[in-house]
Amino acid sequence: MSKESRKKLIAQFITFNIVGLLNTAVDFLMFTALIWFGAYYLLAQVVAYSAGMINSFVLNSRYTFSKSNHTSSGTKKFGMSVRFIVWNGILLGVTLLLLAALTQWWGLNHLVAKVIVTGVTVLLNFYGSKKWVFTTNGTQAESS
């Protein structure tokens with residue numbers, strides 16, 4: 001990987017994580033509020049994750065992986081949207097399994113488990129988003 005490509009990748013990862021912080025804030029605030037109001041924690045996770053996911057798609061498609069997305073056809077954008085939903089569905093499944101394992105089997109507090117699970121899924125999310133979700137014609141939206 002060239003020095004220029006490495007710089008672009010690092011900048012992209014930083015932007016992804018800034019967007020991720022906003023997504024996580026939306027997710028955590030929703031999750032915490034729903035738990036506080038007495039919602040079942042797995043249902044709270046689905047609702048909170050969905051809110052963060054919508055924020056993620058809008059911001060990542062516009063700012064993180066945007067170079068060729070603005071000129072993409074409607075069909076390509078639809079494909080990207082479908083991949084985004086599928087990938088985030090997979091990540092939601094991983095998140096729910098890990099949350100259940102950490103809270104039910106290991107006895108951790110719901111919020112502590114949420115912090116741990118979030119740390120685990122950040123790298124998975126970036127990799128999948130970069131390599132599969134935000135691609136056009138099988139190539140990365142921004143050079144890697």
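Please read all numbers here as calculations on a predicted model, not as lab measurements. Only this structure's heavy atoms are used, side chains among them; waters, hydrogens and symmetry mates stay out.
- In this structure, CD1 on Ile18 lies 12.0 Å from CG on Asn23, to the nearest 0.5 angstrom.
- In this structure, Val94 is a member of the same hydrophobic cluster as Val117, with clusters built from ILVMFWY side-chain heavy atoms closer than 4.5 Å.
- Looking at Phe28 and Thr118, their side chains come closer than 4.5 Å, going by heavy atoms from C-beta outward.
- Counting only heavy atoms from C-beta outward, the side chains of Thr64 and Gln12 approach each other to under 4.5 Å.
- Here Phe84 contributes atom CZ and Asn60 contributes atom CG; the two are 7.0 Å apart, rounded to the nearest 0.5 Å.
- Nearest heavy atoms, Val26 versus Gly52: CG1-N, 3.8 Å.
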Asn125 and Thr121: CA distance, side-chain angles, deciding distance, side-chain hydrogen bond (donor to acceptor under 3.5 Å, both in side chains) verdict: CA-CA 6 Å; Asn125 195 2; Thr121 58; over 6 Å; no
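- A 4.5 Å side-chain heavy-atom check between Val133 and Asn88 finds every atom pair outside the cut-off.
- Follow the hydrophobic side-chain contacts under 4.5 Å out from Phe65 and you reach Val82 in the same cluster.
- Sorted by first and then second residue, the ring pair (Phe, Tyr, Trp, His ring centres under 6.0 Å) pairs with a member in residues 93-127 read Phe13-Phe126, Phe16-Phe126, Tyr41-His110; sequence neighbours excluded.
- The shortest side-chain heavy-atom distance between Phe57 and Ile85 does not fall under the 4.5 Å cut-off.
- For the pair Asp27 and Lys114, the minimum side-chain heavy-atom distance is below 4.5 Å.
- Here the side chains of Phe31 and Leu111 are in contact, with some heavy-atom distance below 4.5 Å.
- A distance of 12.0 Å separates CD1 in Ile10 from OG1 in Thr15, rounded to the nearest 0.5 Å.
- Taking CG of Leu9 as the reference point, atom CD1 of Ile14 lies at 10.0 Å (rounded to 0.5 Å).
- Remark: Leu42 CG to Thr103 OG1 distance equals 7.0 Å, nearest 0.5 Å.
- The hydrophobic cluster containing Trp132 also contains Leu91, counting ILVMFWY residues as joined when their side-chain heavy atoms lie under 4.5 angstrom apart, directly or transitively.
- In this structure, CG on Leu98 lies 10.0 Å from CD1 on Ile116, to the nearest 0.5 angstrom.
- Phe78 and Val86 fall within a single hydrophobic cluster, where Ile, Leu, Val, Met, Phe, Trp and Tyr side chains are chained together by heavy-atom contacts under 4.5 Å.
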Steps toward side-chain contact (heavy atoms from CB on, under 4.5 Å) verdict (Leu96, Val46): CA-CA 8 Å; Leu96 293 173; Val46 170; 4.2 Å; yes
Residue pair Gln45, Leu92: steps toward the side-chain contact (heavy atoms from CB on, under 4.5 Å) verdict: CA-CA 9 Å; Gln45 176 58 32; Leu92 177 59; 4.3 Å; yes
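- A chain of hydrophobic side-chain contacts below 4.5 Å, direct or via other Ile, Leu, Val, Met, Phe, Trp or Tyr residues, connects Tyr49 to Ile90.
- You'll find the side chain of Arg83 reaches within 4.5 Å of the side chain of Thr135, heavy atoms only.
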